[in-house]
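Proteins come first, then strands; the chains are lettered A, B, ... in the order of their sequence lines, and each starts at number 1.
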Amino acid sequence: MSEFIIYNTLSRKKEIFEPLNPGHVGLYVCGPTVYGEAHLGHSRPAITFDLLFRYLKHLGYKVRYIRNITDVGHLVNDADEGEDKIARKAKVEELEPMEIVQLYTNSYRRNMAQLNVLPPSIEPTASGHIIEQIATVQKMIDSGFAYVVNGSVYFDVEKFASVHPYGKLSGRKIDDLYTNTRDLDAQSEKRSSLDFAVWKNASPEHIMRWPSPWGDGFPGWHTECTAMSTKYLGEPFDIHGGGLDLLFPHHEAEIAQGVACFGHDPVRYWMHNNLITINGQKMGKSLGNFITLDELFSGTHPLLEKGYSPITIRFFILQAHYRSPLDFSNEALQAAEKGLERLLKAVSLIDGLQPAEHSTIDVAGLKEKCYAAINDDLNTPVLIAHLFDGVKIINSVNDGKASLNLTDLGILKKLYSDFVFDILGFKSETASGGAEKEEALNHVVDLLLNLRIEAKKNKDWATSDKIRNSLAELGFEIKDTKEGFTWELKK
RNA sequence: GGUCGGUUGGCCGAGUGGCUAGGCAGCGGUCUGCAAAACCGCGUACGGCGGUUCGAAUCCGCCAUCGACCUCCA
């Protein structure tokens, strides 16, 4: 079998994946800031790295997958006058900040479960790791790359850049950064506009605050990831993932912080998923063009012609490569819905296929192609294309137009169970929707009873009795009335 | 303005120096009482202009255009 290759943003190349400790993989992914409902944009990294998590496990690795919950709030504006995002929302809704956090954490987890995204091994919260973050900040001060001003601690980017490369992940040059940010903050307490807060002094009205050696405050945005990833995965660790929009400054800052704390790069493989666009534009909270997952599932959004099931969304996302942009449209979603249905329908036929003496199809070759696709930097669109080739095989065998021997049938069965359900994480959703099913049942019974009325008109007593008696056997009590009929289901 | 990335058939979306994914929609056929499903076949696309090459959608250059990042965002 081919080797598993992933694209490393750090080298801008595809590299063979080899974990630091044979048999074990440490994976860290930037999770959500829980100050709003999860939207379509959140689903892409979750699904992308869920796929990675599932595939690594399929390969036999023991994976520790960490996905954080950011619940201490980032700064709203530039570091200085910023108000805590979560605190601000709390004031608006007159709730405790931690109520907001809990509310949206719950809804995020619920949405992820709907998308069949597996829970990570650990889901650490920033507020639960203040002590670790203070220790991390202290390390940066001790190493000389962070300085204290008025109860805040800033990372000294210029000093760092004079001894270590800064900007290597995002390809930025420090001189360019200067020319682009020069005019931003005239009266900043920062030594340089490029410096970023690793600990921020809390103003008296700031609600989310914790005591620290530098006074009451709260951690800077980038601090939690450095503290929590290395706490649970060590340093360096194998894979760090996240959205492309986090590449700069967040991930760049993480590298700098890691180097400052440990003297070496904290991460071996950096992976970034591309973004979902809507009408060609990034879907984002600040742009106000996002569709929440609940709206997407129910269809309650002006841009939606109808609701799309969670697994349809999953299929839609995995039908594009994770490093390519993906544009949202009703047409594309509907195509995904139909394609998924065809795939799952064929898979459901596999168990009923009859083995033949000889195979007319190269199933082993199909399996090889599937592994080659996923091994090539998680190329799910190509993988899914191969699985559709298999759909034709399955349907042809089912129609008696092709045949498979017992061995090949076994391979096929395992292949689809592994890839469709375990790795890609699709599942059949037809059994869901209790209310809709009941509604449909009502219509079906009405339909039968209307047929019975027609039969009675035609004096076709055999048919009319058959309908009534058969329904009675199933537990339906039928009463004829002047207007027609009534019925109820007796238990 | 700086940096990076994209531009593929009606739509979505892979890919690659010659062997021309896949899905959805469409058309023709087989099957079917009719339909649906399924299967078979069809459409020969790669932003524009140059260049390299026996050969480019794939490499190089220029232009156009769209987007991302440079501020919180997945």
Side-chain angles (χ1 to χ4, degrees), chain A residues 9 12 29-33 35-36 38-49 67 70 73-79 82-85 88 108 167 170-173 175-181 184-185 193-194 196 221 241-252 272-277 279-288 290 315-316 318-321 323-343 345-346 349 369 373 376 379-402:
Chain A
T9 311
R12 286 160 200 275
V29 174
C30 291
T33 302
Y35 69 107
H39 59 79
L40 180 56
H42 289 104
S43 63
R44 199 164 193 198
I47 289 171
T48 297
F49 294 106
R67 190 184 60 208
T70 298
H74 300 164
L75 302 174
V76 169
N77 291 312
D78 193 36
E83 192 183 5
D84 189 300
K85 226 175 210 179
R88 174 206 255 182
Y108 179 77
S170 56
R172 280 178 168 72
K173 294 184 184 71
D175 293 340
D176 296 340
L177 289 171
Y178 269 120
T179 57
N180 291 329
T181 53
L184 274 183
D185 43 70
S193 57
L194 300 186
F196 53 86
W221 173 32
L244 200 55
D245 49 346
L246 297 177
L247 209 151
F248 190 90
H250 183 51
H251 292 334
E252 201 68 73
H272 291 93
N273 63 274
N274 215 312
L275 310 177
I276 291 178
T277 57
N279 297 323
Q281 241 200 351
K282 185 175 84 159
M283 183 176 294
K285 189 141 275 177
S286 55
L287 295 167
F290 64 93
F315 184 85
F316 169 68
L318 291 176
Q319 229 184 354
H321 186 79
R323 284 193 286 116
S324 298
L326 174 61
D327 197 50
F328 162 90
S329 73
N330 280 286
E331 242 183 324
L333 260 321
Q334 276 158 33
E337 187 174 55
K338 289 191 178 167
L340 173 67
E341 195 186 329
R342 196 159 97 87
L343 176 66
K345 199 169 163 190
L349 291 174
K369 284 183 192 166
D376 182 14
N379 198 329
T380 50
V382 169
L383 168 63
I384 290 171
H386 292 318
L387 290 174
F388 272 107
D389 288 340
V391 164
K392 280 190 186 170
I393 295 173
I394 292 164
N395 286 326
S396 293
V397 172
N398 191 52
D399 288 353
K401 289 172 183 160

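Residues A/Phe316 and A/Asp327 approach most closely at CZ-O, 3.6 Å, considering heavy atoms. Scanning both residues, A/Arg44 and A/Leu275, for their nearest heavy atoms gives NH1-O, 3.2 Å. Considering every non-hydrogen atom in both A/Leu318 and A/Thr380, the closest pair reads O-OG1, 2.6 Å.
Although no hydrogens or angles enter the test, the distance criterion places no donor-acceptor pair under 3.5 Å between the side chain of A/Gln319 and the main chain of A/Ala336. With hydrogens and angles disregarded, no donor-acceptor distance shorter than 3.5 Å links the side chain of A/Asp376 to the backbone of A/Asn379. Using a distance-only test at 3.5 Å, with no hydrogens or angles considered, no donor-acceptor pair links the side chain of A/Ser396 to the main chain of A/Ala402.
Note on ring orientation: taking the six-membered ring where Trp is involved, the planes of A/His42 and A/Tyr108 are perpendicular (angle over 60°, cut-offs 30° and 60°).
Geometrically, A/Arg67 does not engage A/Phe49 in a cation-pi contact defined by less than 6.0 Å to the ring centre and at most 45° from the axis.
Atom name C1', nucleotides B/G15 and B/U52: the rounded distance is 22 Å, in whole Å. As rounded to the nearest Å, B/G29 and B/G5 have C1' atoms that lie 45 Å from one another. B/C34 sits 24 Å from B/G41 when the P atoms are compared, rounded to a whole Å. Nucleotides B/G18 and B/U53, compared at atom C1', are 12 Å apart to the nearest Å. The same atom, P, is picked in B/C60 and in B/G22; the two are 28 Å apart, to the nearest Å. One P atom belongs to B/C63, the other to B/G26, and the distance between them is 43 Å to the nearest Å. B/G13 and B/G47 have their P atoms separated by 15 Å, with the value rounded to a whole Å. With both ends at atom P, the span from B/C62 to B/G2 equals 14 Å, rounded to whole Å.
Out of B/G23, B/A38, B/G13, the shortest distance to the side chain of A/Gln319 is found at B/G23. Of all nucleotides listed (B/C39, B/A21, B/C70), B/A21 comes nearest to the side chain of A/Ala385. Closest approach to the A/Asp245 side chain among B/C24, B/C69, B/C12 is made by B/C69 (side chain taken as heavy atoms from C-beta onward). Distance from the side chain of A/Asp389 is smallest for B/G22 among the nucleotides B/A68, B/G22, B/G23. Out of B/G23, B/A21, B/C39, the shortest distance to the side chain of A/Pro381 is found at B/A21.
Whole-Å rounding puts the A/Lys345 NZ to B/G23 P distance at 15 Å. Remark: C1' of B/C24 and CZ of A/Phe388 are 9 Å apart, rounded to the nearest angstrom. Following rounding to the nearest Å, A/His386 (NE2) and B/A21 (C1') show an atom-to-atom distance of 8 Å. Counting to the nearest Å, the C1' atom of B/A38 and the CZ atom of A/Arg342 are 9 Å from each other. Here the C1' atom of nucleotide B/U71 and the CG atom of A/Leu246 are 13 Å apart, to the nearest Å. Look at CG on A/Leu318: it is 17 Å from P on B/G23, rounded to the nearest Å. Note: NE2 (A/His321) to C1' (B/U8) measures 17 Å, nearest angstrom. Nucleotide B/C72 holds its P atom 14 Å from the NE2 atom of A/His251, rounded to whole Å.
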Going through the checks in order, is the side chain to side chain contact (heavy atoms under 4.5 Å, CB included) test met by A/Leu40 and A/Phe290? CA-CA 7 Å; A/Leu40 180 56; A/Phe290 64 93; over 6 Å; no
Does the pair A/Asn395 and A/Leu349 meet the rule for a side chain to side chain contact (heavy atoms under 4.5 Å, CB included), with working shown? CA-CA 8 Å; A/Asn395 286 326; A/Leu349 291 174; 3.4 Å; yes
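Residue contacts shown for A/Leu275 include a base, since a base heavy atom lies under 4.0 Å away. Among the protein residues, A/His39 comes within range of the nucleic acid bases, having at least one heavy atom under 4.0 Å from a base atom. Among the heavy atoms of the strands, none lies under 4.0 Å from A/Lys173. Residue A/Asn398 is classed as having no contact, given no heavy-atom separation below 4.0 Å to the nucleic acid. Note on A/Ser43: nothing from the nucleic acid sits closer than 4.0 angstrom, heavy atoms only. Note on A/Leu326: only backbone sugar-phosphate atoms sit closer than 4.0 angstrom, heavy atoms only; bases stay farther off.
Residue-to-nucleotide proximity on RNA chain B shows that, of A/Phe248 and A/Leu340, the 5′-proximal contact is made by A/Leu340. Along RNA chain B, the nucleotide nearest A/Phe316 and the nucleotide nearest A/Ile393 are compared for position; the residue whose nucleotide lies closer to the 5' end is A/Phe316.
With a cut-off of 3.5 Å on both pairing distances, the Watson-Crick and G-U wobble pairs of RNA chain B assemble into stems of 3 or more at B:1-7 with B:64-70, B:10-12 with B:22-24, B:26-30 with B:38-42, B:47-51 with B:59-63.
Residue A/Asn379 has no polar side-chain atom (N or O) positioned under 4.0 Å from OP1 or OP2 of B/A14. A/Arg323 has no side-chain polar atom (N or O) that falls below the 4.0 Å cut-off from OP1 or OP2 of B/G5. For the OP1/OP2 pair of B/A14 and a distance below 4.0 Å, the side-chain nitrogens and oxygens of A/Ser324 include at least one atom meeting the criterion.
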Indicate for each nucleotide in nucleotides 25-36 of chain B, in 5' to 3' sequence, whether protein heavy atoms under 4.0 Å reach the base (B), only the sugar-phosphate (S), or nothing (-). S-----------
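Scanning atom types as modelled, one donor and one acceptor separated by under 3.5 angstrom connect the side chain of A/Arg172 and the base of B/C69.
Residues forming a ring pair (Phe, Tyr, Trp, His ring centres under 6.0 Å) with A/His386 (at least two apart in sequence, or on another chain): none.
The local environment of CD in A/Gln334 is crowded, with over 12 non-hydrogen atoms from other residues, nucleotides or ligands closer than 6.0 Å.
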